[in-house]
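Everything quoted here is computed from the prediction, not taken from an experiment. Atoms considered below: every heavy atom in the structure, side chains included; atoms not considered: hydrogens, waters and symmetry mates. Sequence lines set the chain letters: A, B, ... in the order given, protein chains first and strands last, and positions in each chain run from 1.
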Amino acid sequence: MSAASEPRFDFGRAEPRWQAEWDARGCFLAADVPTDGKPKYYVLEMFPYPSGKIHMGHVRNYTLGDVVARYKRARGFAVMHPMGWDAFGLPAENAALERGMHPAKWTRENITNMRAELQRMGLSIDWTREVATCDPSYYGHQQKLFLDFLRAGLVARRESWVNWDPVDGTVLANEQVIDGKGWRSGAPIEKKLLSQWVLKITDYAPELLAALDGLDRWPERVRLMQANWIGRSEGARLRFELEAPAEGAAADGIAGVEVYTTRPDTLYGMSFLAVAPEHPLADLAAARNAGAAAFIAECRSMGTSEAVIATMEKRGFDTGFRVKHPFIPDVTYPVWIANFVLMEYGTGAIFGCPAHDQRDLDFARKYDLSVVPVVVPAGEDAATFSVGNEAFDGTGVMINSGFLDGLAAPDAAKRAVIAELEARGVGQGVVNWRLRDWGVSRQRYWGCPIPVIYCDACGVVPVPDSQLPVCLPDDVTFDKPGNPIANHPTWKHINCPTCGGAARRETDTFDTFVDSSWYFARFCSPHSAAPVDRAAVDHWMPVDQYIGGIEHAILHLLYSRFFSRAMGKTGYMAVDEPFAGLFTQGMVTHESYRLGTGGNGTWLYPDEIEKLVDGTVVRRETGEPVTVGRVEAMSKSKRNTVDPGAIISRYGADTARWFILSDNPPERDIEWTESGVVGAYRFTQRLFRLAENAALLPAAAMPGSFGPAARGLRRAAHRAIQTVTEALEGFAFNVAVARMYELSNAVSDAEKAAVGGDDEGLDWARREAVEIAARLVAPMMPHLAEEIYARLHPGSSAIVAELPWPEADASLAAAELVTIAVQVLGKLRGTVAMAPGSTEADVLEAAAAEPNVAKLLEGKRIVKRVYVPNRIVNFVIAG
RNA sequence: GCGAGAGUGGCGGAACGGUAGACGCAGUCGACUCAAAAUCGACCGGCGAAAGUCAUGGGGGUUCGAAUCCCCCCUCUCGCACCA
């Protein structure tokens, strides 16, 4: 057969043709409120930010979801699989600043491009449900939800600290703060207190924690991370009286400091008290002490991110104030301002017990404060136990602690000390939560306007529902510092809806996490005049399978869980948990390349380099040497990206889908390699060729009996139905791919056996196996599957996308013999082949007779015989 | 720093506590070819002539049996509240 007549899967023609066919038949449309009686299945992947082009992470995410959607459809579910755009956010404003392009135009162009790219992937998406969060027809409903939350008491106004760039006159995201400086201006950033709208997620902290137990189709680690984030702790609040009241500027002197601790049992090990730089007592210290003021000012320039605060050097300033110990008369401790104490957690003040807390110990060693152990580990001598540079935070027995001595720490001692605090009226046991209320105000243009009005006479006035949506002004400029909406000459000026007097609009917009906290509900009825249609959400919610990156394990998922409850409270929805099943995928990584040999040259794109036969890597155009860097997440800054569009053009969507599924488990990071893609491409061609050869065989009635090769092939095919199904159910897509390779190898073997051979029924079995292969591979490579099926059934109007999932014949799939491993003392010494139903006695006899095993057993006493049916025999011998 | 994961041949990985390395990629040799590509066949963890033996990041433990369960350590990844 010459190369020219070699059958080839022409993806360039086949893929658009099948996409058009699915579209024409409406294969993937769902109804808002279906009446077909089928069980529903809602598959959702995290919607993308429209950055301009899809990246490999998207290909992976949406391929995973599409496999699930297509598989569930074949299993008889009515599947809803929508797509939309998380279209508000900072990058659009950056584009405006850098290229003078309006965020709306930039975003809409990006959406158009990315939609086309996603459509080329052959995803089984109901595009009639598409929404973009930057569209007033979406965000107007969000404003309505917010106003209903406000009326329901779920919203508050509160001050909080933000990163402030004094040069750009703007608030910075944590990621825009680099080494304490603004990324654009380079100016040292400051902490600034701003009045913000918050959603009261902490009202739901206990419930959000408790309900995690019911999320049995979520990864355990995500539930753990959320539980830790919510951070329930049991401790005590206690008040320390100042030795002498601190004089305030006015009459509001401070007489004491309230502290929250999870370890009240270590109270006798105290050596200092520390307050956050933002604490009122710190303010008082600053008022009378220039050193304190300078230290606080320094702390102000260190950013608001917890990670930054926790990793920097622990530093403090002694205010000169002293507090009294609640139980020990006449003993006082210094009050420090410390840069590692968080104003947002607990009361913004701690007592320091260096012996039993690492941060306190580091601080005490730096400033030479005393370190008194009050808990000794079991087995340690109280007289000699001391703490070096490692705090002891384990369980033990109380010492040096007055009435607590001898009690078990921490639990019994905690109970005793709390009882004493309560008896003396200086403190009480409390449950504390790490979770903070959700600040949703952003001083940015490209977001959903917060629909409130400020009136000097009436105060804060919600925008009346009839005036929604509050649309963003289009005619904004980005040439001045600050928020473009606030700078707009007229937009914010409005008459108060209550009194009619002059008033101004809120110029802050919502955090984009608000947009993504309810889009899954909107997808159920994307054209509804209300935020959601109750019948539609009642039918479709919760999402049965949600798929996205692990990087969203906490914030997005927790906010969405809160939002569903808030929408429940305001009557929009009855489902508390929006995502019944969650799958978190790994990242897509690639080698990175830098010009030169020092590893610090310009980053190069993968298609700018060439790997020579001797293993060295050079720049293709110039031959300059290139350093191959580590494999890491694809990112624009490192230029280690691969453009999915180019891959699809060159190898086809099925190849891209197949590779991204094949190489490793979906929850793990995947390294994109060119050779892997070529391998995937070869498989599409191989499967097509095998299938087409079989399709050329005459279609005939099923024979009455089959020869050995035909029986073997049928066994392989029916086993593949079982194993591929099992793998898909378990999200083990890489295993499903491996099973498909095994089936194609079996078809290939049969093709060879057919040459010259005369095996009864082999032609029929080949056609059967190839049809099974097409239907099993369809969720993963849908275009190829259709193409094969069409060759097998010329003239038929049936398509794989509308066919049910194949059923395995278990009797055909069963093995004729099983191999049982035989061990002696746990080491493999041989195998025996047995019929599947063999008795234990028969298997043990055959195992003992295996020559190698018999040799080892000779003259020995068998102490124990371990027998695991169909798997293993282990002889434990003595003597 | 705190919280959460991951680590198996040259590479990606497979493996209800039960034959470690399925399947793929790369590679080596061979067939076909004028040649190349494609395709097909054989080999493919280390040591050893073989019998064997050592091997799942490192060190301990539980078990008849551990990649899998427990403890300690190392390395890498994710999150840390205004990136999405």
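- If you check distances only, the side chain of A/Gln823 does reach the base of B/G18 with a donor-acceptor pair under 3.5 Å.
- At a threshold of 4.0 angstrom between heavy atoms, the contacts of A/Thr311 include nucleobase atoms, whether or not backbone atoms are also involved.
- Counting only heavy atoms from C-beta on, A/Asn163 has its side chain closest to B/C82 among B/A84, B/C40, B/C82.
- Applying the Watson-Crick and G-U wobble criteria (two distances, each under 3.5 Å), B/A37 pairs with nothing in any strand.
- Among the atoms of the strands shown, none is found under 4.0 Å from any heavy atom of A/Asp515.
- For A/Asn852, counting side-chain heavy atoms from C-beta on, the closest listed nucleotide (B/G5, B/G52, B/C40) is B/G52.
- A/Arg436 comes within 4.0 angstrom of a base, heavy atoms only.
- Here B/G3 is the nucleotide among B/A26, B/G7, B/G3 with the atom lying nearest to any side-chain atom of A/Met225.
- Both distances falling under 3.5 Å, in either a Watson-Crick or a G-U wobble arrangement, occur for no nucleotide opposite B/G9.
- Between A/Tyr681 and A/Phe683, a ring centre-to-centre spacing not shorter than 6.0 Å is recorded.
- Side chain of A/Val735, nearest nucleotide from B/C83, B/A6, B/A15: B/A15.
- Using a 4.0 Å heavy-atom cutoff across all strands shown, A/Arg359 reaches no nucleic acid atom at all.
- By the neighbour-count criterion of 12 heavy atoms within 6.0 Å, atom CD of A/Glu390 is sparsely surrounded, having that number or fewer from other residues, nucleotides or ligands.
- With B/A20, B/C40, B/A84 as the choices, the nucleotide that has an atom nearest any side-chain atom of A/Arg689 turns out to be B/C40.
- Look at B/U53: its Watson-Crick or wobble partner, with both distances under 3.5 angstrom, is B/G46.
- Listed nucleotides: B/G13, B/C82, B/A26. Nearest to the side chain of A/Pro665: B/G13.
- Counting any heavy atom pair closer than 4.0 Å across all strands shown, A/Ala553 reaches no nucleic acid atom.
- Nucleic acid contact class of A/Phe513 (heavy atoms, under 4.0 Å, all strands): base.
- Residue A/Glu551 is in base contact, counting any heavy-atom pair closer than 4.0 Å across all strands shown.
- A/Arg434 comes within 4.0 angstrom of a nucleotide base, judged by non-hydrogen atoms across all strands.
- Look at the C1' atom in both B/A14 and B/U19: the space between them is 14 Å, to the nearest Å.
- Across every strand in view, B/C82 sits unpaired, with no contact that passes the Watson-Crick or G-U test at under 3.5 angstrom.
- When both pairing distances are held under 3.5 Å, B/U77 makes a Watson-Crick or G-U pair with B/A4.
- At the heavy-atom level, A/Trp229 lies under 4.0 Å from base atoms of the strands shown.
- Base engagement by A/Gln443 is indicated by at least one non-hydrogen atom pair under 4.0 Å involving a base atom.
- In this structure, A/Asp511 atom CG and B/A81 atom C1' are separated by 9 Å, rounded to whole Å.
- As judged by a 4.0 angstrom heavy-atom cut-off over every strand, A/Lys314 is placed among residues making no nucleic acid contact.
- Counting non-hydrogen atoms under 4.0 angstrom, A/Asn745 reaches the backbone sugars and phosphates but no base.
- B/G9 has its base syn relative to the sugar, with a glycosidic angle deviating from 0 by at most 90°.
- Using a cutoff of 4.0 Å between basic side-chain nitrogens and carboxylate oxygens, A/Arg434 and A/Glu306 are scored as salt-bridged.
- Side-chain atoms of A/Arg444 come within donor-acceptor range of the base of B/C82, with a qualifying N/O pair under 3.5 Å.
- If you check B/G18 for Watson-Crick or wobble pairing at under 3.5 angstrom, you find it paired to B/C64.
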